Enquirer: 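First the structure, which I've put down as structure tokens, then a few questions once you've had a look.
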Amino acid sequence: MLKLALQGMRTRWVTFVGSFIALALGVGLIATTGLALAATFSAPDRGPERFVKAPVVVKTSDLVRVDTPIGERTRTITDPAPVPAAVTAKLAALGRTVEDRTFPVTGRGLGADTVGHPWSVAALTPYALTGGRAPSAPGEAVATGDALRPGTRVRAATPRGSEEITVVGTVASAGFENALFFTDAEAARISPDVDAVAVHAPADRVEAAVGAGFDVLTGDERRRADPDPDRDAEALVSVNALLGTAAGVTGFVSVFVVASTFSFAVAQRRREFGLLRTAGATPAQVRRMVFTEAFVIGVLASAAGCSLGAAGAPRLAAWMADAGIAPAWFRIGEQTWPLHTAFWTGLFVALSGVVVSSWRAGRIGPTEALRESAVDSRAMPVSRWLIGGAVLAAGLGLLVLALLDSPADLLKRKTYVTQPMLLIVGFALFAPVLVGPLNRLLTWLPARLPGATAMLARENASAEIRRTAAVAAPVVITVALAASLMGTTATISEAKADEARARITADLVATAGGEGRALPEEFLRRARAVPGVTVSATRSTGVTVLEEGVALVTSEAEAVDPAAHAAVSRPPVVAGRLADLDDDSIVVNEEWLTTEVGDRVSVWLGDGRTADLRIAAVLATGTGDNGVYVTERNAAGAPVDRVDLALPRDGAYDADSAASVLGAAAEATGVQLLTGDRWVDAHYPRSGENTRLGLWLILGIALVYTGIALANTQMMATSDRVRDLASLRLTGATKGQVLWLVAVEALVVVAAGAVLGAVIAGVNLLGVWSALGLLGVWSGVVVPWGTVAAVIGASALLATAASVLPASLALRVRPVELAGTRE
């Protein structure tokens, strides 16, 4: 049986080359994404950065620790308290100490994330002067990097106001921060709170001195005092999610397309199998031969795919790092298990892809050897009807169930990326019965025009349903994924922007430019001094709650003055009143387990304090941006990072005058001041750059793979139609006319696949739009017409080229010789 299978593969090498390439590319993509995904499981081991030379570092604990029935649970709080003066005095009695302070500094010529420190802390990194001198007076600073030279004067905004700063020295950048170092006295004036203390004393004595509630850090633990110590692990979370989704899409597309390719390959060989049956082969022997062929192709293609993956993974990692999707240090590790997984997955896909096909091959009778007609008399067996109906019902059922049970889940990337899969499979299984009517519909008018090309294209596509369905399948995938992924993300982004516009009623919004950065107090003072202007200062913080006794969940929260905030905002309250918010209460959203107005919830505030607060109001869930509200007293330590301003409608100042004064204050303090609509446009783009690149990565994988599969299938189909093309030449058709007919057939099939893909995408986008509506956000559906057109155009180009080129090569032989060829 092996010898017979190998001889058959050698004879019909075109058919098997297509299957080999499709499977090898699929395994290569799985191996590539698998190796990259494995590299996200662990962040690099980094030691301390800012406090390398500090023997011991003391800071207020930033963890909430809770014992639960399933073990201790911890959560990082957002606003840990500063180190008290009494504690710093105790530490100073033990040995030499260095007090660290960190505060934002903004200004023209400075990076958006520039921070300030005392000069004494620079020696702990250590930073060494590369030019100029150390600061010795107020208004002097040392800058990291070489962007600012000694002697440069900059107007900078700090938490204490706007100041003229002279750069008197520079230090080489350490790579993890942009910093300005002031004299210790100046830093203490700007930021009185002590964030951490470096102590030159034994750790046990330090622990005894500070007591509970403080972290005494030594060794590698000192990195917990660095800026954003978990940034490496957090950076890998999104990369892990992206690559996990890409791997899932790759696996799905691989199984789907390879199964379709093998099914078409078996359908092409029905006369061959009929001859084997005539020669005495049993159905079981035919099936074993098909499985043997699949096994041989699976082993060879999987091995080739693993080689492709090993070569492609480092290139993928480098591209992701260059594009900013992954951290700059992201590299492929030494793991080999993804290659083993990809190899066995490829072999499994090859064998599972021929299960149905081999069964159909075994049922071919001896009379098939006498069959000359190319018409597919039976498009779909009963089993395919049943499976297709079940898959399609499951896909639609899960969509409806999600809408009824948890519409917010449909807005999560993992859901809206995987949701189309069942619908794609369901519609694709029905492709043999759908493409026929679609072809007739699409060619109804062209077939009535003068000339026989459109009529022949319609009849050929309708007669060879299996070929048409196999060619249309990759187009269905590409169009459905492109329209669903890009359309869903654009629709959700637009909904978030619409929701924000409906929520903001302020005339102007002021921020410090960088996310989460504190606004200078000077701007607040000057804004509050403008007559008739309503000023609502917002402090971003967090609130942690223990859900169901086992899970610590932190929600983003805003600390506001209820009366002032009501004048500049219109939050979607569904129960209670925002005006009832006070120091003993909290405003939650519908995602919380407890949402009854008047009930009390126990929470950990942003500074780690516990509080038992009454629910004053409940907000709609919306797209997920409707967070929690507390009062300023319950957000101790959180700086003001946003100010909403309502201009006066009457009084001594008119709106234009007030806006002018506020603009001058913003200019003087380095604050970004925008109108409400412009602020939404700036902070709610259609989709972030990383999100777009990530989706294009997922879509690109599917596009490349299905594009190759489309070309393979067309080449296999065209090579099997050599005699038909020769017959057309013998009836008087020119070579150009025959090639034009082949091209039109390809375009008709691509159009049918595009329609099916558009229907699938339409169902998914309708589900997303319905989910938004159920969440109270009625926003329009955004259709990515440009992306869809590009995908359809690329598919049409590939399908046309893959059918015309082999047909053109075949027609170089005399038609009489082609007509006399036998399979």
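Everything numeric here is computed off the predicted structure, so don't read it as measured data.
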Enquirer: Begin from the C-alpha positions of Asp583 and Glu632 and carry the test side chain to side chain contact (heavy atoms under 4.5 Å, CB included) through to its verdict.
Expert: CA-CA 8 Å; Asp583 293 340; Glu632 294 180 357; over 6 Å; no
Enquirer: Strictly distance-based, threshold 3.5 Å: is any side-chain N or O of Asp215 a donor or acceptor partner for the main-chain N or O of Leu217?
Expert: no
Enquirer: With a 4.5 Å cut-off on side-chain heavy atoms, are Ser555 and Trp592 touching?
Expert: yes
Enquirer: Please check if the number of heavy atoms outside Glu596 that lie under 6.0 Å from its CD is greater than 12.
Expert: no
Enquirer: Which value, rounded to the nearest 0.5 Å, describes the distance between Thr114 atom OG1 and Asn178 atom CG?
Expert: 5.0 Å
Enquirer: Test salt bridge (Lys or Arg N to Asp or Glu O under 4.0 Å) on Glu72 and Arg65; report intermediate values, then the result.
Expert: CA-CA 7 Å; Glu72 185 183 62; Arg65 302 179 184 272; 3.8 Å; yes
Enquirer: Any donor and acceptor pair, going by atom type alone, linking the side chain of Ser536 with main-chain N or O of Asp644 inside 3.5 Å?
Expert: no
Enquirer: Do Val210 and Leu91 have side chains that approach each other closer than 4.5 Å (heavy atoms only, starting at C-beta)?
Expert: yes
Enquirer: So, for Ala141 and Ile165, which heavy atoms are closest and what is the spacing to 0.1 Å?
Expert: CB-CG2, 3.7 Å
Enquirer: Donor-acceptor pair, distance only, cut-off 3.5 Å: does the side chain of Glu140 make one with the backbone of Val168?
Expert: no
Enquirer: Taking the side chain as C-beta and beyond, is there a heavy-atom pair between Val509 and Leu673 under 4.5 Å?
Expert: no
Enquirer: Which heavy-atom pair separates Leu519 from Ala510 by the least distance, and what is that distance?
Expert: CD2-O, 3.9 Å
Enquirer: Rounded at 0.5 Å granularity, tell me how far CD1 in Ile586 sits from OG1 in Thr594.
Expert: 10.5 Å
Enquirer: Parallel under 30°, tilted from 30 to 60°, perpendicular over 60°: which one fits the rings of His565 and Tyr629?
Expert: tilted
Enquirer: Output, in order, the C-alpha distance, side-chain angles, deciding distance and verdict of salt bridge (Lys or Arg N to Asp or Glu O under 4.0 Å) for Arg600 and Asp584.
Expert: CA-CA 10 Å; Arg600 303 193 77 85; Asp584 187 48; 2.9 Å; yes
Enquirer: Quick one about Arg75 and Thr554 (side-chain donor to acceptor, distance below 3.5 Å, no hydrogens or angles considered), yes or no?
Expert: yes
Enquirer: Evaluate the salt bridge (Lys or Arg N to Asp or Glu O under 4.0 Å) criterion for residues Arg614 and Asp580: first the C-alpha distance (whole Å), next the side-chain angles of each, then the deciding distance (0.1 Å), finally the verdict.
Expert: CA-CA 10 Å; Arg614 171 181 51 84; Asp580 292 338; 6.0 Å; no
Enquirer: Can you list the steps and then say if Thr88 with Thr97 is a side chain to side chain contact (heavy atoms under 4.5 Å, CB included)?
Expert: CA-CA 8 Å; Thr88 60; Thr97 60; over 6 Å; no
Enquirer: Please examine the side chains of Val142 and Trp119, heavy atoms only from C-beta on, and report whether any two atoms are closer than 4.5 Å.
Expert: yes
Enquirer: Between Thr631 and Val560, is any pair of side-chain heavy atoms under 4.5 Å apart?
Expert: no
Enquirer: Please tell me if the side chains of Glu99 and Asp195 come closer than 4.5 Å, counting only heavy atoms from C-beta onward.
Expert: no
Enquirer: Are Lys59 and Asp62 ion-paired here, with the side-chain N under 4.0 Å from a carboxylate O?
Expert: yes
Enquirer: Are the side chains of Leu524 and Val643 in contact, using a 4.5 Å heavy-atom criterion?
Expert: yes
Enquirer: Verify whether one side chain among Asp79 and Thr541 offers a donor that lies under 3.5 Å from an acceptor in the other.
Expert: yes
Enquirer: Any chance CD of Glu548 has more than 12 other-residue heavy atoms, nucleotides or ligands included, within less than 6.0 Å?
Expert: no
Enquirer: Would the distance check show the side chain of Ser602 and the main-chain N or O of Asp612 forming a donor-acceptor pair, the cut-off being under 3.5 Å?
Expert: no
Enquirer: Using distance alone, with no hydrogens and no angle criterion, decide if Thr68 and Arg73 have a side-chain donor and acceptor under 3.5 Å apart.
Expert: no
Enquirer: Yes or no on side chain to side chain contact (heavy atoms under 4.5 Å, CB included) for Arg50 and Glu177, after CA distance, side-chain angles and deciding distance?
Expert: CA-CA 9 Å; Arg50 286 200 58 221; Glu177 67 175 354; 4.0 Å; yes
Enquirer: Does this structure show an ion pair linking Arg223 with Glu49, if we count only N-O contacts that are shorter than 4.0 Å?
Expert: no
Enquirer: Which pair of heavy atoms, one from Pro138 and one from Glu186, lies closest together, and at what distance?
Expert: CB-OE1, 3.5 Å
Enquirer: If I take atom CZ from residue Arg609 and atom CG from residue Asn634, how far apart are they, to the nearest 0.5 angstrom?
Expert: 6.0 Å
Enquirer: Would the distance check show the side chain of Ser191 and the main-chain N or O of Ala188 forming a donor-acceptor pair, the cut-off being under 3.5 Å?
Expert: no
Enquirer: Is it true that a side-chain atom of Arg222 and a backbone atom of Ala54 form a donor plus acceptor pair closer than 3.5 Å?
Expert: yes
Enquirer: Would you say the side chains of His117 and Thr102 form a donor-acceptor pair under 3.5 Å?
Expert: yes
Enquirer: Apply side chain to side chain contact (heavy atoms under 4.5 Å, CB included) to Phe41 and Leu236, showing your working.
Expert: CA-CA 8 Å; Phe41 292 158; Leu236 290 181; over 6 Å; no
Enquirer: Are Asp184 and Arg101 close enough, and set up right, to give a salt bridge (Lys or Arg N to Asp or Glu O under 4.0 Å), and what steps lead you there?
Expert: CA-CA 9 Å; Asp184 289 8; Arg101 294 172 168 87; over 6 Å; no
Enquirer: Would you say the side-chain atoms of Ser569 pair up with the backbone N or O of Arg503, donor to acceptor, closer than 3.5 Å?
Expert: yes
Enquirer: Would you say CD of Glu547 has more than 12 non-hydrogen atoms from neighbouring residues, nucleotides or ligands within 6.0 angstrom?
Expert: yes
Enquirer: If you take all heavy atoms of Gly608 and Trp604, which pair is closest and at what distance?
Expert: O-CD1, 3.7 Å
Enquirer: If you count every heavy atom of other residues, nucleotides or ligands that lies below 6.0 Å from Arg96 atom CZ, does the total exceed 12?
Expert: no
Enquirer: Using atom types as modelled and distance alone, determine if a side-chain donor or acceptor of Thr158 lies under 3.5 Å from a backbone N or O of Val105.
Expert: no
Enquirer: Backbone N or O of Val64 within a donor-acceptor pair of the Thr74 side chain at under 3.5 Å?
Expert: no
Enquirer: Tell me whether Thr125 contacts the main-chain N or O of Tyr127 through its side chain, where contact means a donor paired with an acceptor under 3.5 Å.
Expert: no
Enquirer: Would you mind reporting whether Arg224 and Leu63 have side-chain heavy atoms less than 4.5 Å apart?
Expert: yes
Enquirer: Going from CG on Leu148 to CZ on Arg153, what distance comes out if it is rounded to the nearest 0.5 angstrom?
Expert: 13.5 Å
Enquirer: What do you reckon, is CZ of Arg633 surrounded by more than 12 foreign heavy atoms closer than 6.0 Å?
Expert: no
Enquirer: So which atom in Thr60 and which in Pro82 form the shortest heavy-atom distance, rounded to 0.1 Å?
Expert: OG1-O, 3.3 Å
Enquirer: Does any donor atom in the side chain of Asn589 or Thr621 lie under 3.5 Å from an acceptor atom in the other side chain?
Expert: no
Enquirer: Could you tell me which non-hydrogen atom of Ala156 sits nearest to which non-hydrogen atom of Leu110, and how far apart they are?
Expert: CB-CD1, 4.0 Å
Enquirer: Return the CD to CG distance between Glu558 and Asn626, rounded to the nearest 0.5 Å.
Expert: 9.5 Å
Enquirer: Quick one: CG on Asp146 to OG1 on Thr170, what's the gap to the nearest 0.5 Å?
Expert: 8.0 Å
